[in-house]
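All of these numbers come straight from a predicted model, not from anything done at the bench.
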Amino acid sequence: MERSDRARTQSGGLNAKREALWSLLFLLIAACTVWAVSSQSKDFSLAGFLEFLQGASMPWLVLAFVCMLLSVWSEGMALLQICKGFGHGRRASNGFVYASADVYFSAITPSATGGQPASAFFMMRDGIPGPVSTVALLLNLIMYTLSIVVIGILCFLFRPGVYRMFSPLARLMILVGSAVQCGLVLLLLLLLKKEKLLHRACDAVLRGLAKLHLLRRLDRKRERLRTAIDDYRRNVQLASGQGGMLWRTFALNLMQRMLLIAVTMCAFRAAGGAAEQMLDAWAVQGFSILGYSFVPIPGAMGVADLMLMDGFGQMMAQESAVNLELLSRSISFYSCILICGAVVLVKYLMQKVRKQA
């Protein structure tokens, strides 16, 4: 199995041309998003935004950046907890790379479809078997989604007034997003517990590709699938007996989401927001995540920004809301994507150099 894992990492790799196209699309959408947000206020100007930044509290801005970095670290540590439970412990730096790959490719691909394959690529390059990587990423996705549901519950329980601040359309999106996240948790648990369903789905895809003459040697591929599903089943059974590992993974995922949301709260305070409204700012971001989490646009750009604008617009003047939204997203999203992309690129180039040496 390890030999086939190595073959997949060598033959599959990261498609440089495809990822470059996604990156260009990401930049285009980002530019359109910034324009759309800034146009929400007639009084907005670049000079005014720079003046706004100069007046922001530096300690709170630094804390916002620290929260952003710790959020990526938390996701990496969650993945390492699972891998360690399967007997494949790795360094914290490896976990940061796995999380960075997930964050970066999730942001630039529709519905975050590229995040987990990219993480799996680096995990297998580090010698973690494919079935272990698959189960680890699936478990982590369940805990990640569950943490969003928990945060939504906390927001509804302790800040219902913030929910009512949003426009009717935004409130509808928050409710739809909540239902989608709950449904996703149930679906992922079903795939985890009922591996036969996963086997049937994958087998159907293989047979469909064969009928379209896009896949050769169907019998051999189906045999490999059966072997992979057997390994998958064994790893799921191993994970189910490690309650402590599962709780730690959930706690780290919950911490990851809370830290990322805290970036908005710190940006709000840095911009001179009142201390007594910090939790309201946190809830605005928490509700916004529910509202845009199911949007298939890369990084949910545009929708995420307008959701934040909708919430902040009820707490302050429109120009201030625009400035705060741009500041918050610049740290929690755009800066995060740049840093994670740089980490992934450096790691990929280092591995390529070692391979050629």
| task | Name all residues meeting the side-chain contact (heavy atoms from CB on, under 4.5 Å) criterion together with S335; count only those two or more places apart in sequence or in a different chain, and write none if there are none. | result | F65, M68
| Pairs flagged by side-chain hydrogen bond (donor to acceptor under 3.5 Å, both in side chains) wherever residues 55-82 is involved - sequence neighbours left out | Q81-R248
| message | Tell me every residue that passes ring-ring contact (aromatic ring centres under 6.0 Å, His included) with Y163, counting only those two or more places apart in sequence or in another chain. | response | F156, F287
| Among side-chain atoms of D310 and S167, is any donor-acceptor pair under 3.5 angstrom? | yes
| task | Using the test side chain to side chain donor-acceptor pair (under 3.5 Å), find all partners of Q314 that sit at least two apart in sequence or belong to another chain. | result | none
| message | Just to verify, what does D305 make a salt bridge (charged side-chain N to carboxylate O under 4.0 Å, His left out) with, not counting sequence neighbours? | response | R329
| task | Identify, with sequence neighbours excluded, every residue that meets side-chain contact (heavy atoms from CB on, under 4.5 Å) alongside A274. | result | E276, Q277
For a quick test of your reading: what N or O donor-acceptor pairs under 3.5 Å do the side chains of residues 338-347 make, sequence neighbours left out?
none

Could you pull out all donor-acceptor pairs under 3.5 Å where a side-chain atom in residues 249-257 meets a protein atom, sequence neighbours excluded?
{"unit_1": "T249", "atom_1": "OG1", "unit_2": "M245", "atom_2": "O", "d": "2.8"}
{"unit_1": "N253", "atom_1": "ND2", "unit_2": "N140", "atom_2": "OD1", "d": "2.9"}
{"unit_1": "N253", "atom_1": "ND2", "unit_2": "T249", "atom_2": "O", "d": "2.9"}
{"unit_1": "R257", "atom_1": "NH1", "unit_2": "Y144", "atom_2": "OH", "d": "2.9"}

| query | What residues form a salt bridge (charged side-chain N to carboxylate O under 4.0 Å, His left out) with D280, not counting sequence neighbours? | reply | R159
| said: Run the side chain to side chain donor-acceptor pair (under 3.5 Å) test against Q285 and tell me which residues pass, sequence neighbours left out. | reply: T264
| note | With sequence neighbours left out, the residues meeting ring-ring contact (aromatic ring centres under 6.0 Å, His included) with Y98 are none
Under 3.5 Å, side-chain donor or acceptor atoms of residues 168-183 against the rest of the protein: list the pairs with distances, not counting sequence neighbours.
{"unit_1": "R171", "atom_1": "NH1", "unit_2": "R164", "atom_2": "O", "d": "3.4"}
{"unit_1": "R171", "atom_1": "NH1", "unit_2": "F166", "atom_2": "O", "d": "2.6"}
{"unit_1": "S178", "atom_1": "OG", "unit_2": "I174", "atom_2": "O", "d": "2.8"}
{"unit_1": "Q181", "atom_1": "NE2", "unit_2": "S293", "atom_2": "OG", "d": "2.9"}

